[in-house]
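Following: one structure in structure tokens, then a few remarks.
Here the structure is a predicted model, which is why all the values come from computation and not from measurement.
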Amino acid sequence: VNDQLRRAVQRYDHLGYFLMGVAQAERNGRKYIINTQGEEILENSYDDMHFDISGGLINVIKNGLNGFCDLEGREVIAPTLDYVGVFCDGLAPFGVGKYPNRKYGYINTQGEVVVPPIYDWADWFCDGRARVGMVNPEYGRVYDEKYMLGGIVAEVPREQGFQWILNTKGEKVFEVPYTGLYDTVDEHFRGGRLRIRHNSKYGLLDQDGNEAVPFIYSWLGNIYEGVAPFSRDSHEERPHYEMYEVQDSYGNTMQRWQRTMRDGISTIRGLVDADGNEVMTLPYRYINGFEDGMSLGTRRCNINGTSKELMGFIDHSGNEVVETIYDKVHNYSEGRACVHRIHNGHKVSLVINREGEAVMDLSQFSSHGLRYADGMIDIAITDSETGEKRFGFADRMGRIAIPPKYDQVDDFSEGLAVVKRNGCYGYVDKVGNDTFCPRSAQGYLMPSSLWVCSERCHWGCFLMYSTH
């Protein structure tokens with residue numbers, strides 16, 4: 001927390017966290033964008049604003065119309081659009097007209113129309129492809145528009161219609177029928193592949209609509225870090241025993257067993273690459289997609305006569321790096337994972353590294369975060385007298401970097417975290433230096449959101465303050 005930011009914070013009632021060097025602040029009900037020096041780069045002469053990280057632009061709204069400003073506060077797209085999504089792959093869906101007669105197309109970051117507004121709905125781009133659709137006029141519009149996860153997402157019409165995959169030039173690459181050919185179609189490409197279910201089997205199409213992974217899987221994940229988890233049924237002959245009765249020479253009934261071979265079904269699980277090559281099969285009941293170089297795997301184990309699902313992690317080579325001994329785990333982030341295990345009737349929570357070694361015992365805290373952000377994880381203790389929680393932070397080495405003393409905390413981002421104490425919001429840096437707004441804001445969450453499109457084309461909405 002530098003001196004300039006410390007002084008600037010005193011001017012505001014509420015603060016948002018920093019992304020790409022800027023944050024949202026509010027004073028007397030008006031919103032502003034500030035930088036890490038506390039300078040106002042955008043004074044809100046608009047009715048509202050939303051920060052779109054994926055395009056490095058700020059969505060501004062005036063008189064019900066949408067436009068964009070850059071991170072220097074310059075207006076790059078005038079607020080003239082009836083509806084706009086957020087940018088991904090350099091394009092954002094936009095709408096013309098009032099709902100339900102609105103039509104959708106795409107604009108670039110200069111505000112130029114790349115795809116004219118001719119579609120009834122339009123998803124955002126991912127991996128250079130986007131899904132658009134038109135409703136068959138015979139059936140009419142039977143779905144509701146949704147502003148969901150940062151893009152224009154409409155419920156797929158329940159009746160027949162038409163949908164296409166577009167490239168970033170707005171050209172139709174291939175058509176995906178609503179009915180007949182495919183049962184379900186994912187909304188977006190992942191790793192250059194589109195997941196499809198056909199005749200109750202999953203497969204993947206490439207960016208040109210060709211079959212990249214055959215439709216042979218009872219379940220198939222998306223491509224992350226080059227591979228996707230799969231499950232498929234394997235038919236093989238298995239021994240089957242039937243009981244029958246015979247009578248001996250004295251008339252006594254005796255039981256006999258007859259062994260026959262019958263066709264059986266077993267489930268094979270493993271990883272397949274984007275070209276349909278099964279990289280490996282693995283002895284797990286469930287395999288998750290890879291994140292931060294690790295994938296969750298589960299086995300059914302017998303513990304003291306009780307069958308339980310236990311979890312661990314594998315690497316890209318299929319090696320079980322973290323043993324399947326945990327009752328619950330969370331995905332790796334920044335080389336760390338939070339895991340939980342019931343031991344002698346007590347819950348033990350740990351932070352482990354990539355080798356599965358314990359870095360920190362989380363059981364000493366009354367609550368904690370689920371993953372690291374910017375090298376820090378939030379922790380909390382409960383006051384034995386008042387029962388109130390106080391929040392702080394621990395670093396990747398498991399050291400308490402900032403003692404628990406705050407009423408609420410948000411994740412760290414770019415070296416700062418939003419915190420709340422005594423009803424006032426402020427910032428704290430990684431060595432515990434903090435500064436607060438002068439006025440109390442009890443129970444207040446800043447209403448605007450930050451839309452984030454990651455390299456995996458995951459959209460996320462982050463409120464300005466967590467509910468911790």
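A donor-acceptor contact under 3.5 angstrom links the side chains of D434 and Y406, judged on distance only.
Formation of a donor-acceptor pair under 3.5 Å by the T281 side chain with backbone atoms of G270 is not found in this model. A donor-acceptor contact shorter than 3.5 Å is absent between the side chain of N288 and the backbone of L296. In terms of modelled atom types and a separation under 3.5 Å, the side chain of S366 and the main chain of A380 share a donor-acceptor contact. Between the D429 side chain and the V1 main chain, a donor and an acceptor come within less than 3.5 Å of each other. Judged by distance alone, the side chain of R336 and the main-chain N or O of R396 form a donor-acceptor pair under 3.5 Å. In terms of modelled atom types and a separation under 3.5 Å, the side chain of S317 and the main chain of N319 share no donor-acceptor contact. In this structure, Q408 contributes its side chain and K420 its backbone to no donor-acceptor pair below 3.5 Å. Here the side chain of Q207 pairs a donor or acceptor atom with the backbone of D127 at under 3.5 angstrom. At distances below 3.5 Å, not a single donor-acceptor pair connects side-chain atoms of N422 with backbone N or O atoms of C424. Of the possible donor and acceptor atoms, none in the side chain of S413 sits under 3.5 Å from a partner among the backbone N and O of Y17.
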Would D120 and K103 satisfy salt bridge (charged side-chain N to carboxylate O under 4.0 Å, His left out), going step by step from the backbone distance to the final call?
CA-CA 5 Å; D120 290 322; K103 294 292 184 179; 2.6 Å; yes
Taking it one step at a time, do T324 and Y284 satisfy side-chain contact (heavy atoms from CB on, under 4.5 Å)?
CA-CA 10 Å; T324 49; Y284 296 101; 3.8 Å; yes
Worked verdict on V322 versus I352 for side-chain contact (heavy atoms from CB on, under 4.5 Å)
CA-CA 9 Å; V322 178; I352 59 174; 3.8 Å; yes
Ring pair (Phe, Tyr, Trp, His ring centres under 6.0 Å) evaluation trace for H340 with H368:
CA-CA 12 Å; H340 312 276; H368 54 83; 5.7 Å; yes
Assess whether ring pair (Phe, Tyr, Trp, His ring centres under 6.0 Å) is satisfied between Y427 and F18, documenting all intermediate values.
CA-CA 10 Å; Y427 291 116; F18 279 91; 5.2 Å; yes
Please walk me through it: do F215 and I196 pass side-chain contact (heavy atoms from CB on, under 4.5 Å)?
CA-CA 8 Å; F215 294 87; I196 303 287; 3.5 Å; yes
Please lay out, stage by stage, how R232 and E278 fare under the test salt bridge (charged side-chain N to carboxylate O under 4.0 Å, His left out).
CA-CA 11 Å; R232 63 175 170 82; E278 291 189 1; 2.8 Å; yes
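Between P229 and G289, the shortest heavy-atom contact is CG-N, 3.9 Å. When every heavy atom of A212 is checked against every heavy atom of A274, the shortest pair comes out as CB-O, 3.6 Å. The shortest non-hydrogen separation linking W164 to E175 is CD1-CB, 3.7 Å. A pairwise comparison of heavy atoms in I107 and F87 identifies O-CE2, 3.6 Å as the closest pair. When every heavy atom of L271 is checked against every heavy atom of I287, the shortest pair comes out as CD2-CG2, 4.1 Å. In this structure, A130 and D123 approach most closely via the heavy-atom pair CB-O, 3.9 Å.
Proximity of Y217 to K201: side-chain heavy atoms (C-beta onward) are nowhere separated by under 4.5 Å. Within the 4.5 Å cutoff, the side chain of F391 has no heavy atoms near those of the P404 side chain. At least one side-chain heavy atom of D208 sits under 4.5 Å from a side-chain heavy atom of R129.
A ring-centre distance under 6.0 Å is not found for Y202 and F230. Checked against the 6.0 Å centroid threshold, H316 and F290 count as a close aromatic pair.
Annotation: ring pair (Phe, Tyr, Trp, His ring centres under 6.0 Å) contacts of Y106 (sequence neighbours excluded): F125. Looking at residues two or more places apart in sequence or on another chain, you find a side chain to side chain contact (heavy atoms under 4.5 Å, CB included) between S231 and S218, W219, T267, R269. Qualifying side chain to side chain contact (heavy atoms under 4.5 Å, CB included) partners for K430, counting only residues two or more places apart in sequence or in other chains: D374, M376, F412. Every residue two or more places apart in sequence or in another chain that forms a side chain to side chain contact (heavy atoms under 4.5 Å, CB included) with N277 is listed here: D273, D275.
Note on ring orientation: taking the six-membered ring where Trp is involved, the planes of F313 and Y332 are perpendicular (angle over 60°, cut-offs 30° and 60°). Ring geometry for F174 against F189 counts as perpendicular: the plane angle is over 60°, on a 0 to 90° scale with 30° as the lower cut.
Environment of CE in M397: sparse, with no more than 12 heavy atoms of neighbouring residues, nucleotides or ligands closer than 6.0 Å. Annotation for E323: atom CD does not count as buried by contact number, only 12 or fewer foreign heavy atoms lying within 6.0 Å.
Residue pairs meeting the salt bridge (Lys or Arg N to Asp or Glu O under 4.0 Å) criterion with at least one partner in residues 338-364, sequence neighbours excluded, are D292-R354. For residues 295-311, the set of pairs meeting the salt bridge (Lys or Arg N to Asp or Glu O under 4.0 Å) definition, not counting sequence neighbours, comprises R285-E309, R299-E320, R300-E309, K308-D327.
Applying the side chain to side chain contact (heavy atoms under 4.5 Å, CB included) test between M49 and each of I61, I58, N59 identifies I58 as the sole match.
Taken to the nearest 0.5 Å, the CD atom of Q24 stands 11.5 Å off from the CG atom of L19.
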